[in-house]
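Reviewing the structure listed below.
Count residues from 1 along the sequence. Only a predicted model underlies this, so the values are computations on that prediction, with no experimental measurement involved. Counting convention: from 1, in listed order, for ligands and their atoms alike.
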Amino acid sequence: KSFEAEFIKDFENLNFCKSTSTVCIEGNIGSGKSTLLNHFANSPHVEAIKEPLDKWCNLQGHNALELLYKDMKRWSFSFNTYVQLTRVQMHNFETQKPIRMIERSLHSTKHVFMENNRRTGILHEMEYAILDNWYEWLNETKQAEVDLIVYVRAPPEVSYQRITRRDRKEESGVPYEYIEALHELHEDWLIKQKHPVPCPVLVLDASCGLDDLKHLYEDKRPEILCGYH
Ligand code: DGT
């Protein structure tokens with residue numbers, strides 16, 4: 001009998017795991033994604049998984065993010081290769097909670113960052129092809145599944161102002177034109193849907209101040225948490 005009870009418990013746990021939804025938070029650099037993640041991080045329903053900036057800034061003693069911005073042409077391929085690995089780890093982070101909330105996804109690495117670097121010639125065609133082959137295979141083998149995208153949408157001027165204000169040392173040389181280009185790529189992907197969008201998109205207007213942002217996130221709690229609140 002106890003075996004039976006254990007079996008039922010395991011089965012319920014299995015179903016519980018399977019019913020975890022992945023919500024990914026997309027938006028430009030400095031748009032307010034971390035504020036959203038922090039806002040919901042304490043909810044009992046949410047496993048909040050931030051971008052592993054610490055790993056990107058200390059990869060066996062190397063600051064990959066800093067190297068990227070110092071010389072994109074030299075480092076974009078290696079940086080994006082490593083980012084792809086850490087993204088897949090985020091998508092597949094095991095949790096018993098019903099919502100796995102992740103900051104960005106494998107899909108924005110492809111449709112925003114890789115696309116930008118392809119267009120500007122920062123990535124060689126062959127480097128792009130290698131990253132793209134990885135992306136396609138990871139996608140086909142269902143290692144980057146997403147149930148909802150929350151697009152934290154801010155004008156590029158607002159994102160740029162926030163980046164300047166927070167003064168992350170690695171981003172000190174990021175030009176406004178880069179933020180503008182990333183904004184257009186988010187718009188092409190998530191609003192104009194010029195590239196495949198893997199799930200429904202909830203668009204949030206994040207052009208307000210940071211305090212108002214928190215109110216906005218609170219108002220949208222039921223949608224963001226797929227009904228759990
Ligand atoms: P937030 O909270 O909206 O201000 O977001 P951030 O700026 O903390 O986070 P995010 O994802 O926009 O970017 C952190 C840094 O990493 C930023 O300098 C851009 C860079 N980054 C993030 N993902 C990728 C990627 O897939 N490829 C490349 N090349 N860079 C990336």
Taking 4.0 angstrom as the limit and counting only heavy atoms of Y69, give me the atoms of ligand 1 inside it, by number and element. 17 (C), 18 (O), 19 (C), 20 (C)

Closest approach of any protein heavy atom to atom 5 (O) of ligand 1, naming residue and atom: K33 NZ, 3.0 Å

Any donor-acceptor pair under 3.5 Å linking the side-chain atoms of R100 with those of T20? no

For atom 12 (O) of ligand 1, which protein heavy atom lies nearest, and how many Å away is it? R104 NH2, 2.7 Å

Judging by distance only, is a nitrogen or oxygen of E171 under 3.5 angstrom from one on ligand 1? yes

Examine the side chains of E170 and N63 and answer whether a donor and an acceptor come within less than 3.5 Å of each other. yes

For ligand 1, is there an atom lying under 4.0 Å from some heavy atom of L36? no

Applying a strict 4.0 Å limit to heavy atoms, is M72 in contact with ligand 1? no

Residue pair S34 / E103, side-chain donor-acceptor N/O under 3.5 Å: yes

Min N/O separation S31 to ligand 1 under 3.5 Å: yes

Nearest neighbour in protein (non-hydrogen) for atom 8 (O) of ligand 1: R168 NH2, 2.8 Å

Can you get from V203 to M101 by hopping between Ile, Leu, Val, Met, Phe, Trp and Tyr side chains that sit under 4.5 Å apart? no

Report yes if some heavy atom in the side chain of C226 is under 4.5 Å from a heavy atom in the side chain of L148; otherwise report no. yes

Is the distance between the ring centroids of F79 and W56 under 6.0 Å? yes

Taking atom 26 (O) of ligand 1 as the reference point, the nearest protein heavy atom with its distance: T109 OG1, 2.7 Å

Q84 to ligand 1, any heavy atom closer than 4.0 Å: no

Within-cut-off N or O pair, L68 and ligand 1, under 3.5 Å: no

In the structure I gave you, are the side-chain heavy atoms of W134 and V88 within less than 4.5 Å of one another anywhere? no

Any idea which protein heavy atom is nearest atom 10 (P) of ligand 1, and the distance to it? E51 OE1, 3.4 Å

Can you check whether G30 has an N/O within less than 3.5 Å of an N/O in ligand 1? yes

Applying a 4.0 Å heavy-atom criterion (strictly less than), which segment of L65 is in contact with ligand 1: side chain, backbone, both, or neither? side chain

Looking only at side chains, do K110 and N139 share a donor and an acceptor under 3.5 Å apart? no

Can an N or O of T35 be found at a distance shorter than 3.5 Å from an N or O of ligand 1? no

Mind checking whether R104 and E26 have side chains closer than 4.5 Å, heavy atoms only? yes

Does V83 belong to the same Ile/Leu/Val/Met/Phe/Trp/Tyr cluster as L131, with side-chain heavy atoms less than 4.5 Å apart forming each link? no

Any donor-acceptor pair under 3.5 Å linking the side-chain atoms of Y160 with those of E180? no

Quiz question: by atom type and distance under 3.5 Å, do the side chains of Y178 and E171 form a donor-acceptor pair? no

Of all the non-hydrogen atoms in the protein, which one sits nearest to atom 2 (O) of ligand 1, and at what distance? S34 OG, 2.4 Å

Protein heavy-atom partner closest to atom 27 (N) of ligand 1 - residue, atom, separation in Å: N80 OD1, 2.8 Å

Result of checking I149, V146, L190 against H107 for side chain to side chain contact (heavy atoms under 4.5 Å, CB included): V146

One finds that the ligand 1 atoms under 4.0 Å from a non-hydrogen atom of F79 are 28 (C), 29 (N), 30 (N), 31 (C)

Under 4.0 Å, counting heavy atoms only: does R166 come that close to any atom of ligand 1? yes

At what distance is the nearest protein heavy atom to atom 23 (N) of ligand 1, and which residue and atom is it? R87 NH2, 2.9 Å

Contact check: W56 vs ligand 1, nitrogen or oxygen atoms, below 3.5 angstrom: no

